Structure formats: structure tokens, C-alpha cells
Amino acid sequence: YRSQMMSKIHSTGGKAESILAKALWHEGIRYFRNYTKIIGKPDIAITKNKIAIFVDGEFWHGYDWENQKKIRLHHNREYWIEKIEKNIERDKYVVEQLEKQGWLVIRFWEKQEVLSNLPQCVSKVKKAIEERADRSKNLSLIQTGVLSLLFYFCSHPKMNKFQNRC
């Protein structure tokens, strides 16, 4: 019986993940599902803004873990504690690696957030997109300013001492 139940659990295409993805799509946000080109295979990846979104199941990813491991686990406790704690550690590692690569990572709890307050989740993603867009706009303005100054110093006749460095 238990192995039949476990065989029905899949890592992709869950209810909460699909609901969030459809809500984002209806807001005009385009993304990839289960994006395999980066570590962690996020449920939703908005590559244009480098935002990785994970929808985590409370059991598998350890929601309120310190309390839940005392209350919820009755059979094969050692196995499940080890498994879920490894999942938690892997989640931390994936976030760290993605952030090093310049990705913004957003994690939502399946039932506690997505299924209970979808509009708030969508709003959080939209705000992150706006902030990332503003940041990249500011970066491009800074880069343009630096290039203009560099061009000025390299081409201006009175700046001969800089010309041999250009």
C-alpha cells in the first residue's frame, strides 16, 4: 500500500505549482517550467529577469521542521528525518549557488502560501520583476556613463596622459 502511495508522488506538475504558473501567465509574465539549465531545476524560471521560483511541499522541504519532526513522523522516523534534513540542506545549497550566479530565488510553501493566498504570491513575483528591471536599468545607465567618461578621456586632446591607457 505504502509503495503505491509513494509512486503517485511526482517532482513536477503539482497542483500549487500549476496554479501559480497559470496566474503568472495571465499577468503576462513569461517563464519556463522545471528549467533544467540551472541548478535546482526551479518550478518556474523567469529567465529575462533571472528569477527562480520554487514551490515547496511542506512535508518534503521541512515546513516548521523542528515541531513537525516531533509530531508528524510515526513510522521509520530515522529514515524520514535524515531524508527531509538532506532536502533542507540541498535547498540551502541551491539558493546559495543560484544567488552566486546572479539569480533571485523565491521560495513559496505549497499549502501555506500558494494555495491559501495566491494573489500575494503573484504580487511578490511582480514586485521582484519590477525591482530587477529597475536594477538592470540603473546598471545600464551606470555602464553608459562609465563608457562615456572613458570615451571622453581617451579622445579628448588635453587628456594625452590617458590616451596610452585606452
Side-chain angles (χ1 to χ4, degrees), residues 1-140:
Y1 171 75
R2 193 166 287 166
S3 65
Q4 284 179 320
M5 293 296 289
M6 294 302 288
S7 72
K8 303 230 182 288
I9 298 170
H10 299 285
S11 64
T12 62
K15 180 180 177 182
E17 173 189 327
S18 297
I19 289 172
L20 178 60
K22 286 178 183 178
L24 293 173
W25 192 268
H26 286 294
E27 291 288 329
I29 300 167
R30 300 300 177 244
Y31 53 80
F32 291 95
R33 299 269 308 256
N34 306 305
Y35 193 62
T36 57
K37 293 182 180 179
I38 59 174
I39 189 170
K41 198 171 108 176
D43 300 314
I44 299 168
I46 305 168
T47 55
K48 179 180 176 183
N49 304 99
K50 288 187 92 168
I51 298 174
I53 302 169
F54 294 88
V55 179
D56 295 334
E58 282 80 354
F59 177 74
W60 300 105
H61 295 271
Y63 175 80
D64 190 25
W65 181 238
E66 290 307 312
N67 293 322
Q68 290 299 316
K69 75 177 173 183
K70 296 172 192 167
I71 300 167
R72 193 165 183 182
L73 300 174
H74 303 291
H75 302 285
N76 208 358
R77 285 180 55 82
E78 294 80 25
Y79 169 80
W80 287 112
I81 289 172
E82 182 182 342
K83 179 170 182 55
I84 293 169
E85 287 179 350
K86 279 183 184 177
N87 289 349
I88 293 168
E89 286 304 310
R90 187 182 63 242
D91 291 344
K92 289 177 186 173
Y93 176 76
V94 165
V95 168
E96 182 181 299
Q97 293 303 308
L98 287 172
E99 287 175 346
K100 282 182 184 175
Q101 296 172 20
W103 285 80
L104 172 66
V105 179
I106 301 174
R107 300 193 90 93
F108 293 116
W109 293 111
E110 181 179 23
K111 293 180 183 109
Q112 297 295 321
E113 293 179 292
V114 177
L115 295 178
S116 66
N117 198 346
L118 181 62
Q120 185 179 354
C121 296
V122 172
S123 178
K124 186 174 182 179
V125 173
K126 287 172 69 174
K127 183 178 179 190
I129 290 170
E130 288 170 14
E131 289 172 359
R132 299 285 282 192
D134 289 346
R135 192 191 76 173
S136 71
K137 196 183 302 179
N138 289 342
L139 275 175
S140 71

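Computed from a prediction, not measured in an experiment: that's the story for all the values here.
- A 4.5 Å side-chain heavy-atom check between I129 and I51 finds at least one atom pair inside the cut-off.
- Atom-to-atom distance recorded for Y79:OH and I84:CD1 is 9.5 Å, nearest 0.5 angstrom.
- Residues H61 and E110 fail the side-chain proximity criterion, which asks for heavy atoms closer than 4.5 Å.
- Here the closest non-hydrogen pair linking A52 and L98 is CB-CD1, 4.1 Å.
- Of all the heavy atoms in V55 and A16, the pair that sits closest is CG1-CB, 3.8 Å.
- Taken to the nearest 0.5 Å, the CG atom of L20 stands 9.0 Å off from the CZ atom of R33.
- Here the closest non-hydrogen pair linking Q101 and I38 is OE1-CG2, 4.4 Å.
- Nearest heavy atoms, A128 versus I106: CB-CD1, 3.9 Å.
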Show me the donor-acceptor pairs within less than 3.5 Å that the side chains of residues 117-125 make with the rest of the protein, sequence neighbours left out.
unit_1 : atom_1 : unit_2 : atom_2 : d
N117   : OD1    : Q120   : N      : 3.4
N117   : ND2    : Q120   : OE1    : 2.6

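- Looking only at distances, no side-chain donor or acceptor of T36 sits under 3.5 Å from a matching main-chain atom of K41.
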- Message: Is there a salt bridge (Lys or Arg N to Asp or Glu O under 4.0 Å) between E89 and K86? Walk through the geometry before answering.
- Response: CA-CA 5 Å; E89 286 304 310; K86 279 183 184 177; over 6 Å; no

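- By the 4.5 Å heavy-atom criterion applied to side chains, V95 and R107 are counted as neighbours.
- Closest approach of K111 to E58, counting heavy atoms only: N-OE2, 2.8 Å.
- Residues E130 and K127 are not paired through a salt bridge, judged by the lack of any N-O separation under 4.0 Å between the basic side chain and the carboxylate.
- For F54, the ring-ring contact (aromatic ring centres under 6.0 Å, His included) test picks out no residue, with sequence neighbours left out.
- Between W103 and Y35, the ring planes are tilted. Angles from 30° to 60° get that label.
- For the side chain to side chain contact (heavy atoms under 4.5 Å, CB included) with F108, the lone residue among D43, D56, I53, L115 that qualifies is I53.
- To the nearest 0.5 angstrom, I44 atom CD1 is 9.5 Å from I29 atom CD1.
- In this structure, CZ on R30 lies 10.5 Å from NZ on K48, to the nearest 0.5 angstrom.
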